Amino acid sequence: MQPRDRNAKCCPVVNEILHALSLLAEQVGGTLALSLQPAPSTYGCARRRCIAINQVRRFHMKTIGVIGLGNMGRGMALSLQRGGFEVVGTDASATTRATLAAEGVPVVDSIKDVVAKSDAIVLSLPTAAIVAQVVAGADGLLSHPKAGVLVIETSTSHPDTTRQLAAQLASVGMSLIDAPVSGGPKGALAGTMTMVIGGSDEDVARAEPVLMAMSAKRVHVGGVGAGHVAKIANNLLCAAHLAIAGEVTRLAEKAGVPTERLLSGVNAGSGRSFVTEFNFPTWVSSGKFDSGFTMKLMRKDVRLSQELIGALDIDLPLSRKVADLWAVSAETIADDEDFNRIVELGAARTKA
């Protein structure tokens with residue numbers, strides 16, 4: 001896009017607006033460039049001005065709502081504030097709302113109030129059922145439609161649920177992208193999370209300044225729902241890696257090779273993974289087990305993988321075995337334990 005449109009001599013204001021849009025596109029890495037075309041020169045000056053102003057409004061977001069202010073939502077809300085956005089949040093828990101208010105995040109009591117104040121809304125909720133309730137349930141987003149609002153769904157959810165909710169929101173002039181996150185509460189607070197994103201090119205581009213304030217790495221993998229497919233796949237791999245890493249470290253210990261030395265060798269070879277390079281030294285070998293992500297949440301994500309596999313009617317026997325292991329682990333590892341504790345599954349039998 002050219003900084004100036006030579007055909008808009010009749011209206012310098014239009015030129016200035018379009019120039020501002022081109023600068024905005026450059027600031028977000030050029031991702032908006034294709035969607036910020038000036039109105040045709042055959043349009044009247046007033047119509048050109050109207051189109052240009054609407055483009056500005058479409059890509060400018062000032063206030064971001066956050067629904068769900070728990071471990072992840074809290075960090076995202078604070079990161080958005082640091083990123084220069086005005087933030088308004090709500091949570092089902094009055095205690096959680098009070099905690100965030102004490103940290104300087106404006107809070108309201110209802111979803112209706114969040115919608116009224118927001119240009120975009122971030123959802124940070126624990127399950128697909130709760131996401132559906134917040135969007136389509138009584139007094140949810142659909143009960144208070146506001147045209148142009150972009151919903152950013154950051155939890156790990158079922159892609160079919162996401163697509164259904166996106167279609168319902170679109171019917172009232174709102175849009176949705178799925179941007180599930182990795183990085184835990186620490187990453188949310190530091191703004192260093194990773195996001196895999198599903199949505200239209202235009203909506204993802206429009207969300208980019210908001211996503212940038214919350215994350216260090218973003219990968220757009222496809223249309224609505226694709227982000228959740230990618231996140232389910234990622235978490236299934238992580239669940240499998242943790243389970244097998246726990247077994248091979250016990251194997252090595254039994255054979256006389258300390259875990260630290262084993263992992264030095266593994267991480268120099270083809271068997272390495274993020275689990276062996278990061279999870280083990282950070283949370284397992286250190287004995288901290290304080291990642292902020294629980295067994296309950298990972299079991300939920302593994303169940304989601306099996307639901308998706310079932311819906312697609314494909315046979316994935318290794319994935320099924322991983323899911324079985326995580327389900328059985330509930331007998332010996334409590335829901336509120338750190339998810340890295342899965343490496344201890346069967347440890348007592350090995351020692352015996």
Side-chain angles (χ1 to χ4, degrees), residues 70-72 75-76 126 154-156 180-196 214-219 230-255 257-306 318-319 321-330 332-351:
N71 288 337
M72 297 299 291
M76 286 187 263
T154 67
S155 45
T156 303
V181 299
S182 298
K186 293 179 181 177
L189 185 58
T192 58
M193 299 185 299
T194 295
M195 292 179 160
V196 281
M214 299 188 291
S215 62
K217 187 173 184 179
R218 297 162 298 284
V219 183
K231 184 64 190 310
I232 287 171
N234 176 83
N235 283 16
L236 179 58
L237 281 169
C238 182
H241 291 169
L242 275 167
I244 193 63
E247 292 188 357
V248 299
T249 53
R250 291 201 300 278
L251 176 155
E253 289 278 358
K254 194 76 171 179
V257 179
T259 293
E260 184 178 351
R261 292 193 176 186
L262 170 74
L263 293 180
S264 293
V266 167
N267 289 337
S270 60
R272 68 187 182 276
S273 69
F274 188 82
V275 163
T276 60
E277 291 184 320
F278 187 80
N279 289 49
F280 255 83
T282 304
W283 296 307
V284 178
S285 299
S286 68
K288 292 181 177 179
F289 292 101
D290 63 351
S291 71
F293 193 68
T294 65
M295 289 292 296
K296 181 179 181 179
L297 289 173
M298 183 55 107
R299 288 188 187 113
K300 179 265 295 182
D301 289 351
V302 173
R303 286 195 300 272
L304 276 175
S305 75
Q306 297 310 291
L318 182 56
S319 297
K321 182 62 176 176
V322 171
D324 289 343
L325 287 172
W326 276 85
V328 167
S329 73
T332 55
I333 307 174
D335 276 351
D336 60 357
E337 290 281 3
D338 189 89
F339 83 114
N340 289 286
R341 289 281 185 191
I342 193 68
V343 303
E344 298 175 343
L345 184 65
R349 293 192 300 274
T350 302
K351 290 177 182 178

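As the structure is a prediction and not an experimental result, all values here were calculated from the model. For this chain, numbers begin at 1 and follow the sequence in order.
Among residues two or more places apart in sequence or in another chain, the ring pair (Phe, Tyr, Trp, His ring centres under 6.0 Å) test is passed with Phe339 by Phe293. Residues that satisfy the salt bridge (Lys or Arg N to Asp or Glu O under 4.0 Å) test with Glu337, not counting sequence neighbours, are Arg341.
Under 4.0 Å is where a charged nitrogen must lie from a carboxylate oxygen, and between Asp335 and Arg299 at least one such pair does.
Lys296 NZ: 12 or fewer foreign heavy atoms inside a 6.0 Å radius.
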What pairs of donor and acceptor atoms, side-chain ones from residues 258-267 against any protein atom, are under 3.5 angstrom apart with sequence neighbours left out?
| unit_1 | atom_1 | unit_2 | atom_2 | d |
| --- | --- | --- | --- | --- |
| Thr259 | OG1 | Glu253 | OE2 | 2.9 |
| Ser264 | OG | Glu260 | O | 3.1 |
| Asn267 | OD1 | Thr276 | OG1 | 2.6 |
| Asn267 | ND2 | Leu263 | O | 3.2 |
| Asn267 | ND2 | Thr276 | O | 3.1 |

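The CE atom of Met214 lies 10.0 Å from the CE atom of Met72; values are rounded to the nearest 0.5 Å. With rounding to the nearest 0.5 Å, the separation of CH2 in Trp283 from CG in Asp290 is 8.0 Å. If you take CG on Leu237 and OG on Ser305, they are separated by 10.0 Å, rounding to the nearest 0.5 Å.
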| What's the verdict on side chain to side chain contact (heavy atoms under 4.5 Å, CB included) for Phe289 and Glu344, showing C-alpha distance, side-chain angles and the deciding distance? | CA-CA 12 Å; Phe289 292 101; Glu344 298 175 343; 3.8 Å; yes
| message | As a quick check of understanding, evaluate side chain to side chain contact (heavy atoms under 4.5 Å, CB included) for Asn234 and Val196, giving each step before the final call. | response | CA-CA 10 Å; Asn234 176 83; Val196 281; over 6 Å; no
| Could you walk me through whether Ile232 and Thr156 pass the side chain to side chain contact (heavy atoms under 4.5 Å, CB included) check? | CA-CA 7 Å; Ile232 287 171; Thr156 303; 4.3 Å; yes
| said: Does Thr249 form a side chain to side chain contact (heavy atoms under 4.5 Å, CB included) with Val343? I'd like the steps, not just the answer. | reply: CA-CA 9 Å; Thr249 53; Val343 303; 5.8 Å; no
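Side-chain N or O atoms of Arg250 include one that pairs as donor or acceptor with a backbone N or O of Gly246 at under 3.5 Å. Side-chain N or O atoms of Lys231 include one that pairs as donor or acceptor with a backbone N or O of Val181 at under 3.5 Å. For the pair Asn340 (side chain) and Val284 (backbone), a donor-acceptor distance under 3.5 Å is absent.
Using a 4.5 Å heavy-atom threshold, the side chains of Ser182 and Met193 count as separate. Within the 4.5 Å cutoff, the side chain of Ser329 has no heavy atoms near those of the Leu325 side chain. Counting only heavy atoms from C-beta outward, the side chains of Thr154 and Met76 approach each other to under 4.5 Å. Using a 4.5 Å heavy-atom cutoff, the side chains of Lys288 and Thr282 are not in contact.
In terms of heavy atoms, Met298 sits closest to Ala239 at CE-N, 4.1 Å.
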